[in-house]
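Down below is the structure, laid out as structure tokens.
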Amino acid sequence: KTLTEKRLDKALKDLRLTLLQNDVALIAADKICENIKEEQLGEKVGRLENIQKIVSEVLEDSVRNILTLEGQQQEKMDLIEIIQEQNKNGAPAVFVFVGINGTGKTTTIAKIAHFLKQKGFSVVMAASDTFRAGSQEQLAKHAKRVGVKVIKGGGYGSDSAAIAYDAIAHATARSINAVLVDTAGRMQTNKNLMDEMKKIVRVANPDLIIFVGDALAGNDAVSQSEEFNNAVGIDCSILTKIDADARGGTALSIVSTIQKPILFVGTGQGYDDLEAFDAEWFVERIF
Amino acid sequence: KLSSGLKRAFEKLTRASFVDEKVVKEFVLELQRALLQADVNVELVFELSERIEKRALSEKLPPGVTRRQYIVKMVYDELTEVLGKKSVPLEFSPGKSKIIMLVGIQGSGKTTTAAKLARYFKKRGVKTGLVCADTFRPGAFEQLNQLADSAGIPIYGHLDAKKPVSLARKGIAQFKQGGYELIFVDTAGRHKEEKGLLREMKNIANAIKADEIILVIDGTLGQQAYAQAKAFHEATEIGSIFVTKLDGSARGGGAISAVAATGAPIKFVGTGEKIEDIEPFNPPRFVGRLLG
Ligand SMILES: Nc1nc2c(ncn2[C@@H]2O[C@H](COP(=O)(O)OP(=O)(O)OP(=O)(O)O)[C@@H](O)[C@H]2O)c(=O)[nH]1
Ligand SMILES: Nc1nc2c(ncn2[C@@H]2O[C@H](COP(=O)(O)OP(=O)(O)OP(=O)(O)O)[C@@H](O)[C@H]2O)c(=O)[nH]1
Ligand SMILES: [Mg+2]
Ligand SMILES: [Mg+2]
């Protein structure tokens, strides 16, 4: 290897370490570093002294591009536009929230309902977590505080998909703008629960399937987003618990794995603790 | 497919006729990858792998042991050095009341774990009670109440209670009077940036004179594990760790950081959502899962 190549490798290795320390999954960090090595570094490296700086800048650009899905033929996803589009056709917009246990799905749904209400939209929630202890009461209390109706159907033990169906029928009959479907947490490795989720999605036929991921998760974020995406197709993600001093690398792990945008981040436990995803904030965290 | 790299590296090491520096370095690289993917703290991964590389290249093979066996034992020893070599039980004195408080980050599994632990000990003839001192989360009392009912465990708590400290104190007093031997106290989730909540946790622990504080760690927790565990430990001395969600694909490396940050042993792990999904910590099995 030439001296330049060796110094390049070393600079890239150091920066890859930065990614790992910031909670970027190993597989994602490898992929990102491999890509910039192939495409961009070759041409830019001229003067030896600046290698560290050049590699850092190229990596930063690459991370920014990944998070903003630069060069992807996807139009910017907007919750409000999707709702307006669906309502024009006489139907409520349907959003289904999925993810592993404890990531913040139920709380995030409450935040989104609050957000939509503030924008003047009517919302109904579907309590499709019919398994976990206290899940129905938790969602009901959030619904009451936010001021929206929740469809519980048969409650615990009843069919999750049926509750989603009932909520959509209810919303359609009353011209309610949006239906938010809460689902039970499930491990991506549990085939039965992944099948149950597929059924809920089939019946609900949602406009968006939203993956809710915990920003504190490490390498498992790759497996989670990948498996959920393979099962039902994720349209976008919401990353929660950023306020816990999350390093932000999880955002990179998820987006680089499923190539879908992060719409919002959760920044606390209150209804206002929901912010639009800002790629620059994450880039600054990591670098 | 995670462990195939490490597996191949182990095989190469076995087939090597003498300690070739290149083979060892290759092996150490694969070991690093396995540990990083398992969410072990980055600094610790490099510290461990450097030590293992040095030892593998300098130590003489003891008689009757193959190169591979020796290196496997070395890796295992280095990891259990941090984690502890054997399973440490949750101790208590029969006939006396022991107060155990569960703390941890939002969503890590505290409420479910409190019920799991209570049922685990009830099945072994211990008189156990549950106290719901989470007055913040909507539906927290209902959640623990439903779990307690399902296992026939007495629970103290109120719907819409507002003060966790006084509630916990009253619950403990009631259970102590009733001669309960293990009293598990569930608290609200909190993280290291919420200084006010860390103070509240300290106040609850002092008010109820908690005998042991269990830090519940989510098995999917990444590089934040060390800093978060340290913050909890600085507010209230952590007595033991409970690692949840190991039934998923997460390898639990964050738990090692939690042990390193608190000096506390892992006593149990959570292996599912149901109340019976709990197992005493098993170091060899945990290390095996860690290495993929
Ligand atoms: N600090 C912080 N806590 C959050 C955030 N989002 C959710 N939480 C908390 O995380 C915990 C779990 O939230 P839930 O909404 O119950 O999570 P879930 O995904 O519905 O959980 P399951 O249904 O059991 O899988 C609660 O204590 C929430 O208040 C966030 O952005 N920041
Ligand atoms: N698969 C699996 N799920 C678990 C395990 N332990 C807890 N859970 C689930 O994780 C989610 C969160 O558990 P909780 O007990 O509500 O967590 P918590 O720490 O009390 O949450 P907060 O009170 O909001 O901080 C629930 O869906 C539980 O069923 C486990 O070992 N495996
Ligand atoms: Mg939920
Ligand atoms: Mg709880």
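- A salt bridge links D160(B) with K141(A): at least one charged nitrogen is closer than 4.0 Å to a carboxylate oxygen.
- Side-chain atoms of D245(A) do not come within 3.5 Å of backbone N or O of K192(B) as any donor-acceptor pair.
- Neither the backbone nor the side chain of N145(B) comes within contact range of chain A, judged by heavy atoms closer than 4.5 Å.
- For R145(A) against P138(B), the heavy-atom pair with the smallest separation is NH1-CG, 3.9 Å.
- Ranked by heavy-atom pairs under 4.5 Å with chain B, the first of H142(A), M187(A), Q138(A), R247(A) is Q138(A).
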Practice problem: Please step through side chain to side chain contact (heavy atoms under 4.5 Å, CB included) for the pair L17(A) and V42(B), ending with a clear verdict. | Solution: CA-CA 8 Å; L17(A) 197 59; V42(B) 174; 3.5 Å; yes
Output side-chain donor-acceptor pairs under 3.5 Å for residues 269-276 of chain B, partner residues at least two apart or in another chain, one line each.
unit_1, atom_1, unit_2, atom_2, d
T271(B), OG1, D277(B), O, 3.4
E273(B), OE1, N101(A), ND2, 3.1
E273(B), OE2, N101(A), ND2, 3.2

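- Contact annotation for E227(A): neither backbone nor side-chain heavy atoms come within less than 4.5 Å of a heavy atom of chain B.
- A donor atom on one side chain and an acceptor atom on the other are found under 3.5 Å apart for Q146(B) and E137(A).
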Practice problem: Please report the C-alpha distance between Q106(B) and L216(A) in whole Å, then the side-chain angles of each, then the deciding distance to 0.1 Å, and finally whether the side chain to side chain contact (heavy atoms under 4.5 Å, CB included) criterion is met. | Solution: CA-CA 11 Å; Q106(B) 288 89 347; L216(A) 294 171; over 6 Å; no
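- Put simply, CG on D220(A) and CZ on R251(B) are 10.5 Å apart, with the number rounded to the nearest 0.5 Å.
- Side chain of N219(A) to main chain of A38(B): no donor-acceptor pair is present (N/O by atom type, distance under 3.5 Å, no hydrogens or angles).
- Side chains of Q223(B) and Q21(A): a donor-acceptor N/O pair is absent below 3.5 angstrom, by distance only.
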Quiz item: Hey, mind stepping through T189(A) and S249(B) against side chain to side chain donor-acceptor pair (under 3.5 Å) and telling me if it holds?
Solution: CA-CA 7 Å; T189(A) 47; S249(B) 59; 5.9 Å; no
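- When heavy atoms are compared at a cutoff of 4.5 Å, F46(B) approaches chain A solely by way of its side chain, counted from C-beta outward.
- Heavy-atom contacts from other residues, nucleotides or ligands closer than 6.0 Å to CZ of R51(B) number more than 12.
- At a 4.5 Å heavy-atom cutoff, the contact between I105(B) and chain A is made by side-chain atoms alone.
- In the displayed structure, K123(B) atom NZ is contacted under 6.0 Å by at most 12 heavy atoms of other residues, nucleotides or ligands.
- Residues meeting the salt bridge (charged side-chain N to carboxylate O under 4.0 Å, His left out) test with R33(B), sequence neighbours left out: D30(A).
- Residues Q224(A) and T220(B) have side chains in contact (heavy-atom distance under 4.5 Å, counting atoms from C-beta outward).
- Side-chain contact between E194(B) and D243(A) is present, with heavy atoms from C-beta onward closer than 4.5 Å.
- No other option in E43(B), R137(B), Q228(B) has as many heavy-atom pairs under 4.5 Å with chain A as R137(B).
- Interatomic distance, CD1 of I27(A) versus CG of L36(B), reported as 11.5 Å (0.5 Å rounding).
- When A244(A), G102(A), A110(A) are compared by the number of non-hydrogen pairs under 4.5 Å with chain B, A244(A) comes out ahead.
- Heavy atoms only, all atoms of each residue included: Q37(B) and L26(A) are closest at CG-CD2, 3.3 Å.
- The CD atom of Q269(A) lies 7.0 Å from the NE2 atom of H191(B); values are rounded to the nearest 0.5 Å.
- The candidate with the highest count of non-hydrogen atom pairs below 4.5 Å against chain B, out of A25(A), A133(A), A140(A), is A133(A).
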